[in-house]
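Below: one structure, written as structure tokens.
Note that these values count all heavy atoms, side chains included, but never hydrogens, waters or copies made by symmetry.
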Amino acid sequence: SVMFSQEWPAVRSIIKTVMKVYPNVFLVCGGEHITACPEFCMKECPEIDVCVVGEGEETSIALLNAIKEKKSLSNVDGIVFRSEDRLIKNPKRPRINKIDQIVWPAWDLFPLENYLSNSFGYGVSTGRSMPMLISRGCPFQCTFCSSPQMWTTRYVMRPVDEVCDEIVHYIKVYKANSIDFYDLTAIVNKKWILEFTKELKQRKINIVWQLPSGTRSEALDEEVISNLKETGISLLVYAPESASLRVLKDIKKKIKLERLTHSIEMAIKYGITTKSNFIIGFPDEKRWDVYLTLLYMWKLALMKMNDCLLSIFSPYPGSEIYDSLIEERIIPETNDEYF
């Protein structure tokens, strides 16, 4: 699995090492980087037999069944595979409609205790933290993100009771005391999040939970934030990316800075640890746009926000900006140095 493109040279090295030891194994790759450029990866790494493109659950099962029954891979949607000296890209597989029917991760097959007992997590450290997803996809189309190619823009949230069932299971089985939601966009629907906090209260689920990977502010008004605080949220990470309205329009980041600022004020008021993620260096960004972002970060610091992350823009394969920069020949041919 290759999530981020900067991992590719390391993953490729692992693949080549594995194949020296197990030269006859059938090797499959997937993830956002693989989905963005499967042909490139298979040409760079001839050891790969198949690339799974996009959502992987149903595709992986269909692929394994085809291998087991020695059927042609040409009938498995959602893959790129080798056929003699050619690479064949099959039609995309439709997104899974009912995500509540996707089984929970098989953590019993994984050395999870190594992580739990060492407080591994990306949020505020609280001890035994379990990762979870409460949604799939993202309804937005930011030009710097490869998510639309991986997941499409169909956004689906899991039923509240099923999410709470999974949390209770982790508390009982793994003695979890914290849940990290790693969703692309965790809080969009105000009704869902209020139902979720209500369910936590009714079941008396006593746990810390947090959103370390960033979310939007549209649904995070005072009513929502007060409920988040009551039910144990410890970290809210916002992802405005820029404080320049011109840049926000260019990158199709549809947020309103006034609403975002108010939401952050409410989170700070209720004693929730807060963080914001920013990016500078977008292709058409001017010096003044950078200053606006830096000034806004100072404003958040004066408001007593706990953390502001400033990253330098890097074009991801599979994103709209990456494609345009390749077309304009601003980015050289992708290679190890680029990654």
Side-chain angles (χ1 to χ4, degrees), residues 99-100 102 104-105 107 112 115-116 119-139 155-239 259-277 300 303-307:
I99 65 169
D100 56 313
I102 300 173
W104 299 344
W107 291 117
L112 193 60
Y115 296 81
L116 292 174
S119 300
F120 180 85
Y122 287 105
V124 177
S125 179
T126 55
R128 302 174 66 84
S129 185
M130 287 291 292
M132 271 186 67
L133 294 171
I134 56 177
S135 64
R136 183 160 284 190
C138 177
Y155 181 70
V156 187
M157 301 203 76
R158 294 168 58 191
V160 165
D161 59 342
E162 202 245 348
V163 170
C164 289
D165 288 344
E166 188 176 354
I167 292 173
V168 170
H169 172 74
Y170 292 152
I171 295 171
K172 288 181 178 178
V173 176
Y174 299 109
K175 297 181 174 58
N177 60 7
S178 176
I179 300 292
D180 291 353
F181 292 126
Y182 285 85
D183 299 75
L184 288 166
T185 310
I187 298 180
V188 173
N189 187 317
K190 179 177 177 178
K191 180 183 176 185
W192 190 97
I193 198 66
L194 288 175
E195 287 178 2
F196 174 62
T197 55
K198 182 180 178 182
E199 186 77 6
L200 289 175
K201 292 174 190 175
Q202 286 180 344
R203 295 203 198 187
K204 297 180 180 178
I205 299 174
N206 183 22
I207 199 159
V208 171
W209 60 284
Q210 41 198 331
L211 304 173
S213 49
T215 192
R216 300 176 67 96
S217 59
E218 287 86 348
L220 290 169
D221 57 17
E222 186 166 8
E223 180 187 8
V224 170
I225 286 173
S226 64
N227 276 274
L228 301 185
K229 179 63 177 178
E230 286 176 21
T231 52
I233 196 165
S234 62
L235 174 67
L236 262 177
V237 179
Y238 295 85
R259 184 180 295 175
L260 178 91
T261 306
H262 180 67
S263 178
I264 292 170
E265 284 176 336
M266 291 300 102
I268 294 169
K269 172 185 171 182
Y270 282 89
I272 299 170
T273 300
T274 53
K275 176 182 177 180
S276 278
N277 295 333
L300 295 178
M303 287 166 53
K304 293 186 168 55
M305 172 165 265
N306 299 90
D307 190 4

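Gln210 and Ser178 are linked by a side-chain donor-acceptor pair at a separation below 3.5 angstrom, with hydrogens and angles left out of the test. Using modelled atom types, one finds no donor on one side chain facing an acceptor on the other under 3.5 Å when comparing Thr185 with Tyr155. Thr273 and Asn306 share no side-chain donor-acceptor pair at under 3.5 Å.
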Exercise. Decide side-chain contact (heavy atoms from CB on, under 4.5 Å) for Leu194 and Val224; before the verdict, give the C-alpha distance in whole Å, the side-chain angles of both, and the deciding distance to 0.1 Å.
Key: CA-CA 7 Å; Leu194 288 175; Val224 170; 4.2 Å; yes
Self-check item: Residues Ile225, Lys269; criterion side-chain contact (heavy atoms from CB on, under 4.5 Å); working and verdict
Solution: CA-CA 10 Å; Ile225 286 173; Lys269 172 185 171 182; over 6 Å; no
Quiz item: Step by step, would you call Glu162 with Trp104 a side-chain contact (heavy atoms from CB on, under 4.5 Å)?
Solution: CA-CA 10 Å; Glu162 202 245 348; Trp104 299 344; 2.9 Å; yes
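Counting heavy atoms from C-beta outward, Glu230 and Thr197 have side chains that stay 4.5 Å or more apart. Considering only heavy atoms from C-beta on, Ile193 stays 4.5 Å or farther from Met157 through its side chain. Counting only heavy atoms from C-beta outward, the side chains of Val160 and Lys198 never approach each other to under 4.5 Å. In this structure, Asp165 and Arg203 have side chains that are in contact, with non-hydrogen atoms separated by less than 4.5 Å. In this structure, Glu166 and Ile179 have side chains that are not in contact, with every pair of non-hydrogen atoms separated by 4.5 Å or more. Here the side chains of Trp209 and Ile167 are not in contact, with every heavy-atom distance at 4.5 Å or above. Between Glu199 and Pro159 there is no side-chain heavy-atom pair separated by less than 4.5 Å. Looking at Leu184 and Ser135, their side chains never come closer than 4.5 Å, going by heavy atoms from C-beta outward.
In this structure, CD1 on Ile233 lies 8.5 Å from CZ on Phe181, to the nearest 0.5 angstrom. Here Asp161 contributes atom CG and Asp100 contributes atom CG; the two are 9.0 Å apart, rounded to the nearest 0.5 Å. For the atom pair CG (Leu200) and CG (Asn227), the distance works out to 10.0 Å, reported to the nearest 0.5 Å. Atom NZ in Lys229 sits 10.5 Å away from atom CG in Leu236 (nearest 0.5 Å). Met266 CE to Glu223 CD: the interatomic distance, rounded to the nearest 0.5 Å, is 13.5 Å. Taken from CG in Leu116 to OG in Ser129, the straight-line distance is 8.0 Å, to the nearest 0.5 Å.
The number of heavy atoms from other shown groups lying within 6.0 Å of NZ (Lys175) does not exceed 12. The 12-atom threshold is not exceeded at OH of Tyr115, counting heavy atoms of other residues, nucleotides or ligands nearer than 6.0 Å.
Scanning all heavy atoms of the two residues, the minimum distance from Leu133 to Arg158 falls at O-NH1, 2.6 Å. Closest of all the heavy-atom pairs between Thr261 and Met303 is O-CE, 3.9 Å.
Using bins of under 30°, 30° to 60° and over 60° for the plane-to-plane angle, the ring pair Tyr174/Tyr170 lands in the tilted bin.
Between the side chain of Asp183 and the backbone N or O of Ile134, at least one donor-acceptor pair lies under 3.5 Å. A donor-acceptor pair under 3.5 Å is absent between the side-chain atoms of Arg259 and the main chain of Leu220, judged by distance alone.
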